[in-house]
Amino acid sequence: MSSVDIGDGRRAGFRQWAGLAVLVLPAMLLFMMLTILFLAIPQLAADLKPSSTQTLWIIDIYGFLMAGLLVTMGTLGDRIGHRRLLSSGAAVFAVVSVIAANTSDPALMIVWRALLGVAAATQMPATLGLIFSTFADPRQRGIAVGIWSGGISVGTGLGPVIGGALLEAFSWRAAFLVAVPVMAIVAIGAPLLLPNPRNPVAGRLDLFSVLLSLATLLPIVYGVKELARPDSLLPASAGIVLGLAFGAWFLVRQLRLPEPLLDVRLFANRAVSGALGVFLLAATALGGVYLLFTQYLQLVEGLSPLRAGLWVLPGAALLVVVSTLSPVLVRRIRPGKLIAAGLAVQVIGYLLLTQVNVAGGLPLLVVGFMVLYPAVAPSMALTTNLVVGSVPPQKAGAASGLATTCSDLGISLGIAVIGSIGALVYRAEAGDALPAGLPPEAATAARDSLDGAVTAAHGLPADLAAAVLAPAREAFAGGLNVAAVVAAVIAAGAAILALLQLRHIPPTG
């Protein structure tokens, strides 16, 4: 059956549903790449020996650039065709993944992860745009968007699980190479199965706005990360102030442009601003705690990557179940109440993590994660439809791009902000607790991060290694406890925002 043009009312056939598989694959993989390195960090740190700040950049520069360029790439896709952008982005992603897998320098790894974020940004808006172009029947289109959203949930949840299995069998480099066959399928399958619609009146791509958006995001992230380091208050504050200044310039420019890169007037819609604000806060709370959770399993409990990944699996399975049920429940329950209830449950999970300690903390850690992780599903599953359904059809593409941006940006902000808080507490508690007599290099590494302490302990006598690891693990648990408190406050704020801003939206049924 030939491709269906949007708006002709025809029902999709086998070719369109096969094309959907090609669209779900990159959506699943690109979000999996946000979390797949969580379990790889101990191996990667031992091999590349990055500083704690470099480690955070390696993890989240991908998500920041992906989020920062989604709207830009959506506009570019309107001009040159989303299929073409999807195929070229998949090819670049595959090539850079191979290069990253063979990198041995932490600074270069940050560069390659940044390029992967750019390549990911070319694909995410294309996947959703092509769903709207391929499925003309509204009911089938809704099913397709639901499957696409489910793929994102599966990718986010299974990233550490798949990463753990790959690490057990190979090394951290396999976490990059797994993308190559998937992207090959996308690059080859997209031209065969998908249309290539273009908007003849697509807006002009304002490159200066693109630069302003990145100049807003990256200095703020730099400043937040530097706040976790001793004696860095001045450069950290300067980075944050500089980013906020560029952000103000960006907003003023968008309001004046006849064809803005980001239509900030969409935020005047109560449902749009409320749903995006709630989802951004929920994803921020989750991102940093998720990272600390996976590190605790390996560095404090000493689990192998595969066993650590298996402890993630129950929470990931529940996330998929709740994501599937949320669109059904919202037929009878107001979405604001459903999302707020999920976030209230999430607060309980975070509070459980505040009680985790080194002695016998694994059961409470896993139970807390199983409570908090699926509880983010209502906001994750419902945000896109809430946002897109609240704007005129001609602004649906921009609105859906904002929803995806909030997901990426929230997880990356969580890693930056909450991860930095955990690192700050670690340094404060570990600095004075380490034993005397350590070699200067080992002492510096152990004070910087638990990764460094574990690496340094490998070259020490058994008694001295134990004296290093015990306080370091206690300090890391303390960092997790404080991070969980911060995440609980953020999630509680998101729940209140959902009740206030989304209470007017009726059930979909």
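From a predicted model like this one, the values you see are computed outputs, not experimental measurements.
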Give the ring-plane orientation class for F476 versus Y296, where under 30° counts as parallel, over 60° as perpendicular and anything between as tilted.
tilted
Does the side chain of L214 reach to within under 4.5 Å of the side chain of L69, using non-hydrogen atoms?
yes
Minimum side-chain heavy-atom gap V182-V178 below 4.5 Å
no
For T127, all residues meeting side chain to side chain contact (heavy atoms under 4.5 Å, CB included), sequence neighbours excluded
L23, P26, L86, M124, W148
Can you list the residues that meet the ring-ring contact (aromatic ring centres under 6.0 Å, His included) rule with F250, with sequence neighbours excluded?
none
Show every side chain to side chain donor-acceptor pair (under 3.5 Å) that has at least one partner inside residues 85-111, sequence neighbours left out.
T103-W112
Excluding sequence neighbours, so at least two apart, what forms salt bridge (charged side-chain N to carboxylate O under 4.0 Å, His left out) with R253?
D206
Under the rule for side-chain hydrogen bond (donor to acceptor under 3.5 Å, both in side chains), what residues qualify as partners of T55, not counting sequence neighbours?
none
Counterpart residues, side chain to side chain contact (heavy atoms under 4.5 Å, CB included), relative to V347 (two or more places apart):
L351, A488, A491, A492
Under a 3.5 Å cutoff, is there a donor and acceptor pairing between the side chains of S171 and Q43?
no
Who pairs with F170 by ring-ring contact (aromatic ring centres under 6.0 Å, His included), at least two apart in sequence or on another chain?
none
Beyond-backbone contact of L343 with V278, side-chain heavy atoms, under 4.5 angstrom:
yes
Taking atom CZ of R256 and atom CG of L251, what is their separation to the nearest 0.5 Å?
12.0 Å
Under the side-chain hydrogen bond (donor to acceptor under 3.5 Å, both in side chains) rule, collect the residues that match up with Q54, sequence neighbours excluded.
none
Would you call the rings of F293 and F369 parallel, tilted or perpendicular if under 30° counts as parallel and over 60° as perpendicular?
parallel
Can you list the residues that meet the side-chain hydrogen bond (donor to acceptor under 3.5 Å, both in side chains) rule with Y350, with sequence neighbours excluded?
Q346
Go through the structure and list residues passing side-chain hydrogen bond (donor to acceptor under 3.5 Å, both in side chains) with S326, not counting sequence neighbours.
none
Qualifying salt bridge (charged side-chain N to carboxylate O under 4.0 Å, His left out) pairs, either residue in residues 32-54, two or more places apart
D47-R173
Mind listing the side-chain donor-acceptor pairs of residues 497-505 below 3.5 Å, one per line with the distance, residues two or more places apart or on another chain?
| from | atom 1 | to | atom 2 | distance (Å) |
| --- | --- | --- | --- | --- |
| R503 | NH1 | L500 | O | 2.7 |
| H504 | ND1 | Q501 | O | 3.3 |

